[in-house]
Trainee: 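Structure in structure tokens, see below.
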Amino acid sequence: MPPIDLRSDTVTRPTPEMRQAMFEAEVGDDVYREDPTINRLEERAAELVGKEAGLFVPTGSMGNTIAIKCLTTHGQEVISDARGHLLDYELAMTAWFSGCLIRPIPTVDGILSWEMIAKQIRPLGPNAADTGCIEVENTHNLAGGTVYPQEVLDEICDQAHERGIAVHMDGARLFNAATTTGQPVHAAARRICERVDTVMFCLSKGLGAPVGSMLAGPKAVMERARRYRKRLGGGMRQAGILAAAGLIALEKMPLRLHEDHANARLFAAGLMQIAGIRVEHPEPATNIVIFDIGGTGKSSKEISDALKARGVLINGFSPTAMRAVTHYDVSSDDCQQALATLADVAGC
Ligand SMILES: *Cc1c(COP(=O)(O)O)cnc(C)c1O
């Protein structure tokens, strides 16, 4: 039996429909912009998030890297919350590629507010670097899949724009955020992105595509972004094979993300019944459950290893903090089974 894999929603495999579409995809050379399937995906993605243009990128990290490069100049600061993917999981690309410093702001749940940001915009003068852009992560990964309240996000964008500062959204799980609104998911995603300058979202996570993310924004910015993608080695050729899966990921898969959210709630509720485990958000907003196993007297590595030996994969990200992510390839039965295994492992 394959393991029950709750390490990440990146582990999802393409659906049979995606594989068929990949098999049949019409392709061309995308560096010449002659891949019709890529062109279709980029247009459709841009339209869905309400931006002028889209760019297919091999990874979300490359999308964020390119966006930050486009919105800043060397020697500026980028404001991010202190647990951002941009800060901790992208190999300091903001420094390496854009020559900018991240100004991290500690938050309770990964959600910035204009009030917090305003204090970190340094006054122009002889000493301080100016703020090039603000980066928001929606949903927030390490804070447990939390979602920006729309009015908080709108205020950040409006206030930033008044000061000539751009806003980039790391929307790796944008459609998970959109799902929580209770509105039709595509329209909700568009509303979330309405005021941000650029947005990146992943096709390769909960949406199930094998590879790829989208960057979207104003046409002129995306033209520059395309050149940076080439510089980073991301100019692909018959990438329509991937875009064919991406189109299905984009159109169909957002409609089922609520199932993953229900499974995450079920998993969190089950965790609360296990002695020694503390759950950060008893009702997770989306598909990520963060929990602390300190009370079991074991380390997250010990728990993770013991689970693995019994066919359940869950990773720790600190000596006592662990993260479980629900997705298309785990059912509610799988979640129940993972809970039973975890209860055994925690108690022995
Ligand atoms: C997964 C993720 C990314 C991008 O990851 P890649 O593995 O480079 O595609 C960016 N931001 C967040 C919040 C993520 O969870």
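Counting convention: from 1, in listed order, for ligands and their atoms alike.
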Trainee: Checking side chain to side chain donor-acceptor pair (under 3.5 Å) between N64 and each of T59, T94, D170, which is the one that passes?
Mentor: D170
Trainee: Go through the steps for R40 and E26 under the test salt bridge (Lys or Arg N to Asp or Glu O under 4.0 Å), then give the verdict.
Mentor: CA-CA 11 Å; R40 213 150 38 91; E26 212 188 323; 6.0 Å; no
Trainee: Run R44 and E251 through salt bridge (Lys or Arg N to Asp or Glu O under 4.0 Å) and show every step you take.
Mentor: CA-CA 9 Å; R44 184 64 182 136; E251 300 293 350; 2.5 Å; yes
Trainee: At a 4.0 angstrom heavy-atom cut-off, what protein residues surround ligand 1?
Mentor: T59, G60, S61, N64, H85, E90, E137, N141, D170, A172, R173, M200, K205
Trainee: Is it the case that D344 and T341 place a side-chain donor and acceptor less than 3.5 Å from each other?
Mentor: no
Trainee: Mind checking whether D197 and H161 have side chains closer than 4.5 Å, heavy atoms only?
Mentor: yes
Trainee: Please test D260 against K205 for salt bridge (Lys or Arg N to Asp or Glu O under 4.0 Å), starting from the C-alpha separation and ending with a verdict.
Mentor: CA-CA 12 Å; D260 300 342; K205 292 190 167 158; over 6 Å; no
